[in-house]
Amino acid sequence: MSEDSEWTALENEIAGCTLCPLWRGRNRTVPGEGNRHARVMFVGEGPGAQEDLQGRPFVGAAGQLLDRMLESIHLDRKEVYIANVVKCRPPQNRTPTEGEAEICLRYLRRQTALIRPRIIVCLGTPAARAVISPDARISAVRGKWIERKGFWLLGTYHPAALLRDERHKVAAWNDLVMLREKLRELDMEAQDDEVF
Ligand code: URA
Ligand code: SF4
């Protein structure tokens with residue numbers, strides 16, 4: 001299958017998915033969007049009200065903050081890929097259950113396999129639990145790089161958490177600086193590989 005048809009198949013499967021109970025409450029599935037060859041993939045928790053209506057990730061208040069966070073390190077939303085642990089909105093925006101996250105993770109795994117990003121940034125605890133380790137807490141895993149199977153993993157606060165609690169802003173900024181530095185390092189490595 002070509003890469004394009006794998007993406008189409010994946011998005012069609014998500015659009016029709018009834019594997020966990022979250023499908024019952026959704027208006028739209030929110031598979032994720034962005035550059036399918038991105039060097040950086042961001043992983044959030046799950047769609048909120050706006051995302052559920054529009055079928056797009058991070059378009060509400062948290063999304064606007066995420067856009068500003070990206071801008072602050074000269075990243076454009078179109079350069080990166082943005083996805084979530086679960087693709088359907090949990091009722092009242094509650095945290096997805098472990099079971100829901102585990103079932104839906106098959107799609108995030110396929111997205112990751114297709115994109116092959118160099119860096120995965122986990123936004124908040126549910127993303128860190130899905131990607132980094134099942135008992136992770138964001139306050140404990142943030143701010144340090146984890147290298148795994150050729151991927152660089154970083155945790156940082158979810159933008160919705162930053163909107164609720166200003167105290168994490170300095171730490172989140174430090175994480176963004178780490179991300180910017182890592183991207184610079186990867187650029188240099190890529191240049192070293194150039195023959196001409
Ligand atoms: N919060 C998330 O975790 N994901 C979204 O897509 C929007 C808000
Ligand atoms: Fe399927 Fe994921 Fe939606 Fe659950 S949240 S119904 S697993 S797409």
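This structure is a prediction, so every number in the text was calculated from the model and none was measured. Just so you know, ligand 1 is whichever comes first in the structure, and atom 1 is the first atom listed for that ligand.
Judged as a salt bridge (Lys or Arg N to Asp or Glu O under 4.0 Å), the pairs with a partner in residues 132-151 (not counting sequence neighbours) are, in order, R142-D175. The stretch residues 14-31 participates, sequence neighbours left out, in these side-chain hydrogen bond (donor to acceptor under 3.5 Å, both in side chains) pairs: N27-D52.
Counting only distance, with no hydrogens or angles, the side chain of E45 and the backbone of A127 share no donor-acceptor pair below 3.5 Å.
Using a heavy-atom distance under 4.0 Å as the criterion, the protein contacts of ligand 1 are G44, E45, G46, E51, P57, F58, N84, H158.
Taking the six-membered ring where tryptophan is involved, the planes of W7 and Y81 are tilted, since the angle between them lies from 30° to 60°.
Protein contacts to atom 4 (Fe) of ligand 2 involving N, O or S atoms at a distance below 2.8 Å are C20 SG.
In summary, of the residues considered (L153, I120, I138, T125), a side-chain contact (heavy atoms from CB on, under 4.5 Å) with I132 occurs for L153 alone. With Q111 as the fixed residue, the side-chain hydrogen bond (donor to acceptor under 3.5 Å, both in side chains) test singles out one of K87, R36, E11: K87.
Residues K182 and E185 are paired through a salt bridge, judged by an N-O separation under 4.0 Å between the basic side chain and the carboxylate. A salt bridge links R110 with E13: the closest approach of a Lys/Arg side-chain nitrogen to an acidic carboxylate oxygen falls below 4.0 angstrom. Residues E79 and R39 are not paired through a salt bridge, judged by the lack of any N-O separation under 4.0 Å between the basic side chain and the carboxylate.
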